[in-house]
**Q** 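Below is one structure. I have some questions about it.
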Amino acid sequence: MDPHDGEPAADELPPPPPLPPNVVPIIAEDAAVAASESEPPPPPPPSKPAKPRRHIMARPPNGLGKKGQPIQLLANHYKVSVKPSEEFFNHYYVNLKYEDDTPVDSKGIGRKVLDKLQHTYHSELADKDFAYDGEKSLFTIGALPQINNEFIVVLEDIGSGKTAAGSPGGNNGSPGGGDQKRVRRPYQAKTFKVELNFAATIPMAAIGHAIRGQESEHSLEALRVLDIILRQHSAKQGCLLVRQSFFHNNPSSFVDLGGGVMGCRGFHSSFRGTQSGLSLNIDVSTTMIVKPGPVIDFLLANQKVDHPDKIDWQKAKRALKNLRIKTTPANSEFKIVGLSERNCNEQMFPLKRRNGDSTETVEITVYDYFVKNRGIELRYSGNLPCINAGRPKRPTYFPVELCTLVPLQRYTKALSTMQRTSLVEKSRQKPHERMSTLNDALKRSNYDADPMLKACGIQIAQNFTQIEGRVLPAPKLKAGNGEEFFARNGRWNIARKKLFRTSSVKRWSVVNFSARCDLRGLVQDLKRVATGMGLEYEDPHTVIEESPALRRAPVARRVEEMFAQIKAKLPGAPLFLLCLLPERKNCEVYGPWKKKCLADFGIVTQCLAPQRVNDQYLSNLLLKINAKLGGLNTLLQIEAARAIPIVGKVPTIILGMDVSHGQPGQSDRPSIAAVVSSREWPLISKYRATVHTQSPKQEMMASLFKPRGTEDDGLIRESLIDFYTSSGKRKPDQVIIFRDGVSESQFTQVINIELEQIIEACKCLDDKWEPKFTVIVAQKNHHTRFFQTNSPENVPPGTVVDKQVCHPKNFDFYMCAHAGMIGTSRPTHYHVLHDEIGFSGDELQEFVHSLSYVYQRSTTAISVAAPIAYAHLAAAQVGTFMKFEDMSDTSSSQGGGHTSVGSAPVPELPRLHEKVRSSMFFC
């Protein structure tokens with residue numbers, strides 16, 4: 001196989017920021033025509049002065065924290081020394097063409113061609129080493145000696161497996177027609193033209209700028225070149241490359257996930273500028289690959305059937321498309337484009353035969369060709385479709401039993417719940433195991449031997465970086481009856497404690513969608529546990545069982561019939577419904593049921609799958625029910641005393657923002673943007689959520705401010721009004737925004753596009769209102785991990801790090817607020833992009849730490865600030881409304897509808913009923 005086909009395209013410049021929702025672009029030519037036809041042109045309207053562009057803030061003088069117990073840690077960053085250099089990286093644009101000047105579009109061939117070029121022309125290239133990204137960019141240290149860098153490269157074997165006539169196995173018959181024109185088709189050429197066109201120079205001194213946090217185009221590019229060198233180094237070792245993660249073809253690194261899918265453990269490797277200089281960040285990384293081996297074995301496992309006759313070949317076609325195979329007996333490699341329309345013993349193709357000096361064409365089946373002409377025994381393929389590995393108009397067929405999937409091919413479709421669970425369980429490592437794996441990965445990589453890294457004057461230390469962290473004390477919590485207590489190791493027990501503010505469970509019923517359980521016993525146990533927690537609990541009005549005849553009915557009908565029973569059996573609308581489901585994960589009833597309750601009727605509902613019910617389970621269930629019905633389980637002691645620093649002094653709203661995207665394989669599913677906002681100031685434990693749809697895979701939130709005439713229909717307006725009405729008619733003087741899920745390349749968009757929309761939403765309500773804003777991004781998708789120097793356990797909850805491995809200039813810190821019970825704890829990386837409120841390092845870290853203790857669904861500190869966790873939950877739950885129905889493009893509701901120019905309309909979400917709109921329905 002060619003291990004590099006899995007590479008993504010080279011890093012590109014980020015796309016331009018999306019247009020504000022109230023701006024309609026005009027086409028330049030139309031504007032020019034309009035101007036020429038109207039003489040003289042009218043004077044331009046007075047324009048507002050352009051707003052200055054916001055920049056990411058630097059760490060303030062008091063930005064390093066001091067509070068907490070010091071703790072010695074190790075970080076998976078290896079210190080890198082760089083010799084000062086006056087040299088330049090020279091960037092060349094790589095243009096690859098076949099002999100007839102047709103561009104090379106085949107992925108993965110570039111590295112082979114450039115390796116051969118370097119070997120063949122080393123003297124003409126002054127023995128210079130390359131850093132090649134596998135696509136269009138190549139870097140050298142210093143300029144190439146020739147101005148005109150055009151080369152001819154001949155590859156003896158390009159590994160495509162394609163033969164002169166395109167035939168299976170290489171004879172002159174072809175299921176695609178086999179005419180002689182195919183001999184000259186460009187994809188079979190083994191001669192390549194390579195042009196290296198000079199693009200730019202990057203001073204190597206820019207590496208030093210990156211280390212000092214002096215970010216510029218050159219400094220970012222210089223670090224990118226170093227990362228490309230790492231990619232190239234792993235490519236030469238035969239790895240599968242997935243961005244900056246590298247995977248060896250080592251069966252000991254594979255774990256079987258079922259369904260023909262395997263988890264493959266590799267490692268992430270990238271250079272980062274930190275406070276202590278340049279470091280190499282190495283971490284364990286996992287990707288999914290297709291299980292290599294016979295194609296038929298993959299299909300049987302993928303579809304969970306035990307015989308080829310049971311295979312669904314339409315599903316098989318989707319699963320196999322674009323996978324690479326090797327065929328026997330020629331051992332040639334091909335890419336699957338589809339399947340034959342007929343079975344192997346029926347699929348005909350024209351075969352050329354020599355007849356003296358002339359040739360004749362005869363029709364023959366693929367089966368007869370292989371069995372009679374090639375003498376290959378086919379045991380079971382005759383009655384199955386063939387693999388098509390040709391071109392769209394010129395198929396090349398192979399019997400399925402002659403095809404084997406090659407190793408290290410990424411599996412990019414969505415995993416099932418079982419596969420995802422298996423992947424998590426089989427890939428987790430305890431801290432000491434992870435440390436050992438990472439040190440072994442560095443040694444195996446042998447970066448010191450890489451000629452380009454040597455030429456850059458780079459040396460990599462062999463040990464983890466020693467750093468100092470601090471452990472913040474857990475905040476004091478308050479339960480009912482005035483009881484105050486501390487969490488121990490990030491956890492607390494509410495047994496024998498009353499909840500702080502209890503709700504009433506009344507006017508409620510139980511509905512059962514065919515779940516098997518002792519319903520009477522469940523209701524009695526729930527009442528007993530609820531009473532112990534201080535909840536006012538009435539017996540349910542009724543228990544409604546689904547008719548057995550409906551169990552296999554369409555899900556929409558099942559939900560409608562259940563609501564018909566509710567209307568018939570209850571005297572009025574219930575305030576709460578407890579819903580029993582037959583499956584814990586991905587039950588098809590869940591989405592339609594939630595939509596019917598929350599959007600159509602405004603009924604609070606709690607779902608459960610009663611498989612292993614005990615008092616602990618029921619206690620956790622009641623935490624969620626109490627929060628949804630308006631109660632508060634526990635809260636911070638300083639919150640109850642109205643003594644939270646900064647936030648408790650003046651009205652402050654806390655926003656949590658997240659965008660949820662469809663899983664792999666759902667590229668056309670709209671993305672879902674959620675904004676969660678605090679209410680009832682000075683509380684920081686009560687929240688509500690608003691959710692919209694937006695264009696698929698769009699990360700920037702498009703509906704924060706949505707003017708419609710003089711009104712605003714965006715996500716923020718409703719949050720601001722709710723804060724005002726729930727907080728004693730006070731407008732927030734401070735707005736703290738927690739943003740999840742954005743990469744560092746999008747930080748400036750957050751503070752120049754999203755923050756600007758939020759400011760506009762405030763102005764729309766009151767033009768004179770000028771609250772102070774603080775914007776914080778939380779990242780979980782990073783590769784920094786911390787380890788204790790004198791313990792095999794995870795770092796203790798409350799661990800914070802803001803020195804040595806943080807950004808050399810920006811205001812950031814890592815926090816591990818939770819107790820990692822399994823695997824290795826992943827800290828959250830918080831970046832303060834903009835701060836008008838003026839937090840010190842200690843104030844901000846203590847505030848963020850406190851927000852990990854106000855999560856109402858559990859009795860543990862969580863790993864990220866609660867508003868972010870809630871935004872994720874709200875987006876995921878409302879997203880289930882869309883999974884089960886064909887939503888109308890013209891549906892009238894509050895959410896969604898935003899599209900980029902020229903794209904299809906995005907289906908809108910139904911608006912939540914006013915009865916539940918301000919509830920914590922997402923708990």
**Q** Going by the ring-ring contact (aromatic ring centres under 6.0 Å, His included) test, name the single residue among H783, H807, H829 that passes it with Y814.
**A**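 Considering H783, H807, H829, a ring-ring contact (aromatic ring centres under 6.0 Å, His included) with Y814 is found only for H829.
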**Q** Under 3.5 Å, is there a donor on one side chain and an acceptor on the other for Q429 and T437?
**A**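 Yes, because at least one side-chain N or O of Q429 sits under 3.5 Å from a partner of the opposite role on T437.
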**Q** Does D740 pair with K780 as a salt bridge, N-O distance under 4.0 Å?
**A**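 Salt bridge between D740 and K780, a charged N being under 4.0 Å from a carboxylate O: no.
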**Q** Could you report the tightest heavy-atom contact between C239 and L408, atom names first, then the distance?
**A**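 The pair with the smallest heavy-atom distance is C-CD1, 4.5 Å.
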**Q** Is the shortest heavy-atom distance from the side chain of V832 to the side chain of M57 under 4.5 Å?
**A**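 Yes; the side chains approach each other to less than 4.5 Å.
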**Q** Evaluate the ring pair (Phe, Tyr, Trp, His ring centres under 6.0 Å) criterion for residues F464 and Y78: first the C-alpha distance (whole Å), next the side-chain angles of each, then the deciding distance (0.1 Å), finally the verdict.
**A** CA-CA 5 Å; F464 280 17; Y78 297 85; 5.3 Å; yes
**Q** May I ask you to check whether Y447 and H233 place their ring centers less than 6.0 Å from one another?
**A**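 Yes.
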**Q** Would you check if there is a donor-acceptor pair between the side chains of R470 and Q845 at a distance under 3.5 Å?
**A**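 A donor-acceptor contact under 3.5 Å links the two side chains.
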**Q** Does L415 reach the side chain of M288, with side-chain heavy atoms less than 4.5 Å apart?
**A**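 A side-chain contact under 4.5 Å exists here.
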**Q** Would you mind checking if D448 and K454 are paired as a salt bridge, meaning a charged N to carboxylate O distance below 4.0 Å?
**A**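 Salt bridge absent between K454 and D448.
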**Q** Specify whether Y830 and F738 have parallel, tilted or perpendicular ring planes, treating 30° as the upper limit for parallel and 60° as the lower limit for perpendicular.
**A**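 It falls in the perpendicular class, over 60°.
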**Q** Among Q698, E699, K697, which residue meets the side chain to side chain donor-acceptor pair (under 3.5 Å) test with H661?
**A**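 Among Q698, E699, K697, the one that satisfies the side chain to side chain donor-acceptor pair (under 3.5 Å) with H661 is E699.
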**Q** Examine the side chains of S840 and D842 and answer whether a donor and an acceptor come within less than 3.5 Å of each other.
**A**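 Result is no, nothing qualifies.
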**Q** For the residue pair F89 and F139, does the interplanar ring angle fall in the parallel (under 30°), tilted (30 to 60°) or perpendicular (over 60°) class?
**A**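 It falls in the perpendicular class, over 60°.
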